[in-house]
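Here is the structure we will look at.
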Amino acid sequence: MLKSVGIVGLGIYAPEKVMTNADWEKLVDTSDEWIRTRTGIQERRYAVEGQGTSDLAVEAAKNALKDAGMVPEDVEFIILATCTPDYRAQNASSLVQAKLGAVNAAAFDLSAACSGFIYALAVGKSMIQSGMYKNILVIAAESVSRLLNMKDRNTAILFGDGAAAAVLKEVEDGYGIISSFLGTEGVTDDILRINVGGTLHPVTHEAIDNGDVYLKMNGQEVFKFAVKALPKATKSALEAGNLTVEDLDLVIPHQANMRIIESAAKRLKLPMEMFYVNLQKYGNTSAASVGLALGEAVQEGKVKKGDMLALTGFGAGLTYGSLVLKWSK
Ligand code: UT7
């Protein structure tokens, strides 16, 4: 029998700088009303000058370790889910290892965009079940604000920065991560990515002038994918655990757009009250979003021991995935 693996410590962090819809009204032709009705977002947080993704990750990690009753030296392995590393070529998880003082941990970055936290938890669980490690610090952290074209109202108003961390360990039998589903529908078109600055198209002066060095999204294409991916991933993860939607107590969806969450609720035939939503405060924080929502749901007392949760995400790639978790704390 495989070990049961679950979250024994959870921590979140959101940077202090608040960017409201009113702030966006000063920058582009938009309105608070448009943003609220089309997305549900009211404000987001941005990393302050001098803060990189690793700094957000370290703050969340400290909170998670405290919650787990551990010190940095105890950590055996770090997985950092991010698509916004501090530097290119050096993994941001190594920066986290150094800044946290997790001197005994090996570390790597996992790039699966907004599905990153779910992918990282699934990978971490298998690494513990294989006997390779006894604990894994899974972090999802993003500073998407640094990649935004502040003149692009179609993309930029959606995103924000944040971090979440979870300590994975063996838990009581029958608790923890029950099952998961990970999916990829790879696309070669530029539905959601930064076109320039990778190895195919290095940075040029022209690319900077054209704004091609910033995040660009075809919102409608992502929307169409998301409304199918959220219910499909959730159902597939439930099926893998021989469960149905009736077994769920709470769904923690990727916090991208209220309309996407409402559509998923309808397709899954679940009431909206079963979906935890905090996108009004943070916008879309990419990989950090599901963790940040889980952290706040726990802080607000919405999750108790034995509750069955579905964590579900989708994002660039296109990637998607879901994880069914029986809360063990
Ligand atoms: O983690 C995954 C990340 N991405 C997502 O989840 C994004 C998924 N997509 C979405 O959330 C939505 O597609 C958006 C919120 C991005 C856009 O909403 P929409 O209802 O699909 O709007 P649209 O793109 O069809 O645009 C409708 C109109 C357009 O004007 P016209 O052509 O009808 O005159 C846009 O130019 O709204 C305009 N528009 C805006 N107006 C005011 C687009 N962005 C804005 C804006 N403020 N910020």
Side-chain angles (χ1 to χ4, degrees), residues 12-48 53 56 83-84 113-117 140-164 191-192 214-227 229-230 251-266 272-273 275-297 299-300 302 311-316 320:
I12 54 174
Y13 176 76
E16 276 165 26
K17 186 178 166 193
V18 177
M19 180 79 178
T20 64
N21 290 350
D23 293 327
W24 269 113
E25 283 176 349
K26 290 178 206 140
L27 294 179
V28 292
D29 179 15
T30 191
S31 66
D32 174 52
E33 209 257 328
W34 191 96
I35 300 175
R36 276 177 199 252
T37 51
R38 296 286 178 127
T39 72
I41 300 165
Q42 295 173 24
E43 56 186 45
R44 335 95 191 103
R45 302 293 184 89
Y46 285 180
V48 296
T53 293
L56 311 189
C83 60
T84 56
C114 306
S115 316
F117 190 57
E142 302 276 21
S143 313
V144 192
S145 67
R146 295 278 152 73
L147 310 180
L148 300 177
N149 180 349
M150 301 308 270
K151 293 179 186 153
D152 175 9
R153 67 176 188 174
N154 292 301
T155 306
I157 54 102
L158 293 180
F159 293 93
D161 304 342
I191 289 180
L192 179 50
Y214 298 114
L215 188 68
K216 194 177 149 207
M217 178 181 67
N218 180 334
Q220 287 181 0
E221 284 302 314
V222 182
F223 196 98
K224 276 191 254 167
F225 168 71
V227 293
L230 260 188
V251 182
I252 314 275
H254 175 40
Q255 308 286 312
N257 186 322
M258 195 65 177
R259 285 155 53 213
I260 294 173
I261 298 174
E262 282 165 357
S263 154
K266 261 195 207 129
M272 265 307 279
E273 299 75 65
F275 287 71
Y276 185 80
V277 177
N278 66 357
L279 62 80
Q280 67 281 2
K281 291 197 282 181
Y282 301 113
N284 180 347
T285 58
S286 183
S289 135
V290 170
L292 204 50
L294 175 64
E296 288 210 326
Q299 281 174 1
E300 289 168 17
K302 297 210 159 88
L311 276 49
T312 305
F314 60 88
Y320 62 124

Sequence neighbours excluded, the answer for side-chain hydrogen bond (donor to acceptor under 3.5 Å, both in side chains) partners of Lys266 is none

When you measure from the side chain of Glu142 to the backbone of Ala287, do you find a donor-acceptor pair of N or O atoms at a distance under 3.5 Å?
yes

With sequence neighbours excluded, what pairs up with Thr155 under the side-chain hydrogen bond (donor to acceptor under 3.5 Å, both in side chains) test?
Asp152

Just how far is it from atom CZ of Arg36 to atom CG of Asn21, taken to the nearest 0.5 Å?
6.5 Å

Ring pair (Phe, Tyr, Trp, His ring centres under 6.0 Å) partners of Phe225, counting only residues at least two apart:
Tyr320

Test your reading of the model: is there a side-chain donor-acceptor pair from Arg146 to the backbone of Ala47, 3.5 Å cut-off?
yes

Is there side-chain contact between Thr30 and Ile35, with heavy atoms separated by less than 4.5 Å?
yes

Asn284 (side chain) donor-acceptor with Leu158 (main chain) under 3.5 angstrom
no

Across all chains, not counting sequence neighbours, the side-chain hydrogen bond (donor to acceptor under 3.5 Å, both in side chains) partners of Arg259 are none

Apply side-chain hydrogen bond (donor to acceptor under 3.5 Å, both in side chains) to Tyr214 and list each qualifying residue two or more places apart in sequence or on a separate chain.
none

Looking at every heavy atom in both Arg38 and Asn257, which two are closest together, and how far apart are they?
O-ND2, 2.9 Å

Tell me every residue that passes side chain to side chain contact (heavy atoms under 4.5 Å, CB included) with Ser289, counting only those two or more places apart in sequence or in another chain.
His254, Gln255, Thr285

What distance separates Met19 CE from Trp24 CH2, expressed to the nearest 0.5 Å?
5.0 Å

